[in-house]
Protein chains: 2
Amino acid sequence: MSQPAVKVNATEVAAPFSAAMKEYVRTELRGIGPKLVGFLANDDESARKYAEWTGKACVRDGIRYELREVPKERLQEAVEDANRDPEVHGILVYYPCFGTFPSFYGGTMDDFIRDSISIKKDVEGLCQYYRGNLYRNIRYVDDERTQKCVLPCTPLAIVKILEHLNVYNFGQPEGEHLLGKRITIINRSDIVGRPLAAMLANDGADVYSVDINSLYLFRRGKLIECSETPAEAAKKSHVIITGVPVASYKLPLEWVSEGTVIINVASHKNVDEAALMQIPGVKYVPLVGKVTVAMLERNLMRLYENFHMKPRKMWQ
Amino acid sequence: MSQPAVKVNATEVAAPFSAAMKEYVRTELRGIGPKLVGFLANDDESARKYAEWTGKACVRDGIRYELREVPKERLQEAVEDANRDPEVHGILVYYPCFGTFPSFYGGTMDDFIRDSISIKKDVEGLCQYYRGNLYRNIRYVDDERTQKCVLPCTPLAIVKILEHLNVYNFGQPEGEHLLGKRITIINRSDIVGRPLAAMLANDGADVYSVDINSLYLFRRGKLIECSETPAEAAKKSHVIITGVPVASYKLPLEWVSEGTVIINVASHKNVDEAALMQIPGVKYVPLVGKVTVAMLERNLMRLYENFHMKPRKMWQ
């Protein structure tokens with residue numbers, strides 16, 4: 001009767017994107033891929049690993065990749081230099097750089113750096129411009145609707161995973177692919193939880209956004225009053241996404257109904273896997289990083305076509 | 001020996017801008033000024049008064065002005081409609097609309113509305129795009145440096161007042177007009193204090209930014225460690241700008257050195273005038289509103305020339 005739980009490897013979601021990129025560079029760009037510059041301005045071990053790892057994936061797929069190590073005092077200037085350099089098509093900064101050090105302008109210095117990347121080169125899609133457009137459901141850069149906005153790459157990776165798992169219903173019109181779906185997101189950061197909630201709500205889902213202090217129901221750009229507890233919201237959700245950045249957090253399994261899709265976006269395992277796999281019909285994605293890197297590449301290509309490669313467009 | 005204190009009426013600063021606008025509309029635009037739309041979405045008495053007052057000033061100077069009253073639930077949609085309407089050249093929202101009601105995307109709903117005004121129509125110059133450019137000292141919209149960014153209009157009004165009072169030294173090169181000047185700003189809001197600090201620091205001043213909890217020294221985009229108290233910072237400042245939004249706040253007059261320029265940007269009088277006028281050489285500007293409205297008009301004209309009036313540019 002009931003299906004056993006299955007574990008989904010992100011590689012199977014990422015592979016077709018990676019293959020398409022390789023082929024595109026080989027045939028359409030005659031082997032000369034766009035150039036991505038990564039900035040490392042700290043001694044953070046995991047930032048360095050992520051930098052090496054994205055570099056390898058890019059080079060494998062035909063993208064030119066250069067890692068620039070700079071002291072953090074020079075980071076803003078180095079980013080502005082890359083913004084102006086026509087030979088650079090994409091920019092990626094490996095955070096944290098300044099940690100929680102505040103910017104005079106409000107927020108942290110890392111937020112400030114993130115917002116200073118040119119909209120023509122922001123492969124992460126996290127500068128204020130792209131987030132603002134996402135939050136207002138504006139999908140194109142230009143009035144003529146020829147240049148699609150890039151989307152934040154980790155949230156976009158989760159969308160692609162949900163498409164892969166057939167949570168999206170493409171029989172419905174654009175903007176309604178997730179109509180009737182309830183999704184709980186345990187994270188409300190500006191990098192993952194908020195933009196992801198916006199993307200899913202723009203596609204018609206009811207999104208429960210949970211953080212340590214509060215629960216919001218979010219539907220089509222609007223906050224809706226709701227009285228559910230996080231447990232109740234999760235229990236009636238078709239999808240639960242965990243992104244709690246501490247090793248000690250584990251999703252309570254009594255919150256998980258049969259058949260739920262569980263995606264862990266945190267670097268820590270937010271779920272007791274062995275116990276989760278006992279729940280019938282669960283589909284569990286323990287890691288999303290490979291899909292995130294595939295979306296970085298996809299964003300790079302979109303920026304390349306929007307802003308760097310004038311005459312014709314092949315990549316959609 | 002020492003000069004008596006003088007009180008400066010903002011009208012004398014605003015008048016030449018207003019006259020130039022009138023003349024420009026009459027001669028260059030053949031009497032048909034650009035169109036500014038104001039949005040009022042609340043019952044706030046002072047917002048309504050400000051709306052009527054800006055409307056009158058605009059009409060006096062040849063600008064077409066339309067006030068649109070909408071329920072706040074429809075405000076975002078109404079702003080987006082105006083964003084898309086080619087007959088509208090400038091948009092101004094009279095805050096507060098949602099008060100402190102939070103936006104799902106972080107900040108308040110009023111912040112969200114402020115950021116949703118098109119960069120082609122934002123006469124207040126307070127959307128994220130213009131603030132971000134100001135904070136990074138980027139002065140043009142386009143790479144060819146033909147389209148100057150608009151600047152937040154209240155801070156810009158204060159710059160114009162400081163120019164009028166000869167605090168600016170135009171004998172020095174651009175970016176150094178305020179070199180050697182120390183300026184204390186008692187306000188660190190995103191609307192006035194922060195952008196003003198950025199503008200003055202971009203012009204070379206040392207800016208002491210004071211709020212209820214802290215004092216920062218801000219110089220050319222960088223926070224500098226400093227150990228002064230607010231009293232010490234003010235005492236050695238050439239200019240003190242007060243913007244404390246409570247009736248009970250009064251600037252301690254022992255903070256004020258002889259010959260200081262004092263500008264009150266708050267709607268409340270942050271200074272005991274009679275006592276202040278006993279301090280020799282003080283120049284005191286009690287109200288800035290008329291200059292702010294002149295700067296709204298100036299921003300409207302700049303946006304009109306940048307984005308709506310293609311062939312030739314007359315207004316600089």
Side-chain angles (χ1 to χ4, degrees), chain A residues 73 76-77 79-80 83-84 86 98 101-109 111-120 127-138 143 185 188-191 193-198 201 207-209 211 213-224 307, chain B residues 73 76-77 79-80 83-84 86 98 101-109 111-120 127-138 143 185 188-191 193-198 201 207-209 211 213-224 307:
Chain A
E73 294 69 31
Q76 190 187 342
E77 202 184 327
V79 167
E80 296 284 1
N83 278 343
R84 277 188 299 266
F98 295 87
F101 190 84
S103 157
F104 177 76
Y105 305 113
T108 65
M109 268 306 289
D111 296 331
F112 185 78
I113 296 287
R114 188 173 279 120
D115 283 337
S116 71
I117 299 172
S118 163
I119 68 163
K120 300 183 180 179
C127 73
Q128 180 63 39
Y129 175 79
Y130 287 118
R131 280 190 296 133
N133 279 0
L134 167 61
Y135 292 164
R136 291 153 60 213
N137 200 12
I138 292 171
D143 294 338
I185 305 172
R188 202 183 294 135
S189 70
D190 286 338
I191 312 308
R194 272 188 223 277
L196 177 59
V207 179
Y208 293 98
S209 170
D211 76 358
N213 296 311
S214 60
L215 179 146
Y216 294 147
L217 170 56
F218 192 64
R219 180 186 290 158
R220 295 209 176 282
K222 290 209 158 54
L223 280 181
I224 312 287
F307 303 115
Chain B
E73 295 68 30
Q76 191 187 343
E77 201 184 327
V79 167
E80 296 285 359
N83 278 343
R84 278 188 299 265
F98 294 87
F101 190 83
S103 157
F104 176 77
Y105 305 113
T108 65
M109 267 306 291
D111 295 330
F112 186 79
I113 295 288
R114 188 174 279 119
D115 283 336
S116 71
I117 299 172
S118 163
I119 67 163
K120 300 183 180 177
C127 73
Q128 179 63 39
Y129 175 80
Y130 288 117
R131 279 191 295 133
N133 280 359
L134 166 60
Y135 292 164
R136 291 152 59 212
N137 200 10
I138 292 172
D143 295 338
I185 305 173
R188 201 184 294 136
S189 70
D190 286 337
I191 312 306
R194 273 189 224 276
L196 177 60
V207 180
Y208 293 98
S209 170
D211 76 359
N213 297 310
S214 60
L215 179 147
Y216 295 147
L217 170 56
F218 192 65
R219 180 186 290 159
R220 294 206 177 283
K222 289 212 158 54
L223 280 181
I224 312 287
F307 302 115

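Proteins get letters first, then strands, A, B, ... in listed order; numbering begins at 1 in each.
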Please classify the contact of Asn133(B) with chain A as side chain, backbone, both or neither, using a heavy-atom distance under 4.5 Å.
neither
How long is the span from the OH atom in Tyr129(B) to the CD atom in Gln128(A), to the nearest 0.5 Å?
13.5 Å
What part of Arg131(B) is in contact with chain A, defined as an atom under 4.5 angstrom from a non-hydrogen atom: side chain, backbone, both or neither?
neither
Relative to chain B, which segment of Tyr135(A) carries a heavy atom at a distance below 4.5 Å: side chain, backbone, both, or neither?
both
Go through the atoms of Phe104(B) and report whether side chain, backbone, both or neither lie under 4.5 Å from a heavy atom of chain A.
both
Nearest 0.5 angstrom please: Arg136(B) CZ to Glu80(A) CD, how far?
4.5 Å
Could you state the interatomic distance from CE (Met109(B)) to NZ (Lys222(A)), rounded to the nearest 0.5 Å?
7.5 Å
Looking only at heavy atoms and a cut-off of under 4.5 Å, which of Ser209(B), Ala197(B), Ser103(B), Ser116(B) has the most pairs with chain A?
Ser116(B)
Counting only non-hydrogen atoms closer than 4.5 Å, does Tyr105(B) touch chain A with its backbone (N, CA, C, O), its side chain (CB onward), both, or neither?
both
Applying a strict 4.5 Å limit to non-hydrogen atoms, the region of Arg84(A) in contact with chain B is neither
